[in-house]
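Data first, discussion second: the structure below is written as C-alpha cells.
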Amino acid sequence: MLCANIMTLQDICQKVAGTHIASVWESLLGLYDQLDRNCQNFQNAFNVHCPSGCGTCCEHFIPELTEAEASLIAAYILFVKKTPELIDLLASVDEPGSQCPLYRADSDYHCIVYPARALVCRLFGACPSEDKYRKPVFRKCKYNVAMDTPIFVKAEDITLSNLDIATMNTYGLKLEMITSVSDTEPLPLAVVKAAQRLLFLMVYLDDGSNMPEPDTPAPIAS
Ligand code: SF4
Ligand code: SF4
C-alpha cells in the first residue's frame, strides 16, 4: 500500500492511475527522464558542468510554467513534500522579484522542488540550442565560471559525436505535445492555481479509498 507514506511522484501517478492527470504527469516525467539522460550524455561528452554550489540562474529568474509543469510541482509540494505552507508562501508573492521563490541556497541542488522542476530549469546551461540552420550548438551560461567547461561547442562537433542529443527547441515541441506552451504563467501564480485544482485529490491520497474512476475528466483541463 502506498497510502501511508507516499514518497515519490511516480507513487502519486500509480495511486491515481487511469486518470487524465496521472497520464499527464507520467508523460511529463517521461520527457524529463529522457531529457535528463540526454543532457547528462551531452555534458559527459563535452565536459559541460556547472561550478559546485552555483545557483545564480535561479537567483535571477522566475520561470513561466505551462499548466502541466505547474501541476507536477503542486503535486510534489502537496503530496510528496506535504508542505502546503509552501503554497501559502507562493500565494503571498505579490510582486515577483527576480529570484525564484523556490530557490534555497542551502538546500540540495538549491531547488526545493528539484525532482519536479520545470523544463526550462532542466535545460538552462545544460542543453544545446540551435543555430540559424537549426543545427545544435552549445553556449556556456554567462554565470558559469568553470574554466574547463567550453564557452562554445559547434554544431559539427555535436553532430559528429553521434550522441542522441536533442536541442532546447526540440524539447519545447515535445512539451507542447503534453500541454499548451502558449498559455504560461509565472511560477508563483501557476503553482497556486494548480494546487487549488488538485485539492480534491487529497481525499484519495490520504486514505487510499474511493479512487476516481479511470478516465475521470482532468482537473488540469477544468
Ligand atoms: S523551480 Fe527550482 S530550478 Fe527552477 S528556477 Fe526555481 S529554484 Fe531554480
Ligand atoms: S546554469 Fe549557470 S547560473 Fe545556473 S547553476 Fe549552472 S553555471 Fe550557475
Measuring from [X]:[atom1] to [Y]:[atom2], what's the distance to the nearest 0.5 Å?
X	Y	atom1	atom2	value
K82	I77	NZ	CD1	14.5 Å
Q34	C39	CD	SG	10.0 Å
R122	M168	CZ	CE	14.0 Å
C121	L65	SG	CG	7.0 Å

Has [X] got more than 12 heavy atoms of other residues, nucleotides or ligands less than 6.0 Å from its [atom1]?
X	atom1	answer
K135	NZ	no
Y133	OH	no
I151	CD1	no

Picking from H110, H60, E59, what satisfies side chain to side chain donor-acceptor pair (under 3.5 Å) with Y103?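 That would be E59.
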
Find out if a path of hydrophobic residues (ILVMFWY) with successive side-chain heavy-atom gaps under 4.5 Å connects [X] to [Y].
X	Y	answer
L187	F61	no
Y76	I62	yes
L123	V153	no
I178	V181	yes
V80	L78	yes

Flag the pair F42 / I158 as yes when at least one side-chain heavy-atom distance between them is below 4.5 Å, and no otherwise.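 Of all side-chain heavy-atom pairs linking I158 with F42, at least one is under 4.5 Å.
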
Donor-acceptor pair, side chain of T167 and main chain of P136, under 3.5 angstrom: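 Not confirmed, T167 side chain does not pair with P136 backbone.
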
Might you point out which heavy atoms bring T179 and E67 nearest each other, and give the distance in Å?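 Answer, listing the atom of T179 first, then E67: OG1-N, 3.8 Å.
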
Tell me the closest heavy-atom pair linking A116 and Y32, and the distance in Å.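 Minimum heavy-atom separation between A116 and Y32: O-CE1, 4.3 Å.
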
Would you please say whether a donor-acceptor pair under 3.5 Å links the side chains of D36 and Q40?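 No, because no side-chain N or O of D36 sits under 3.5 Å from a partner of the opposite role on Q40.
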
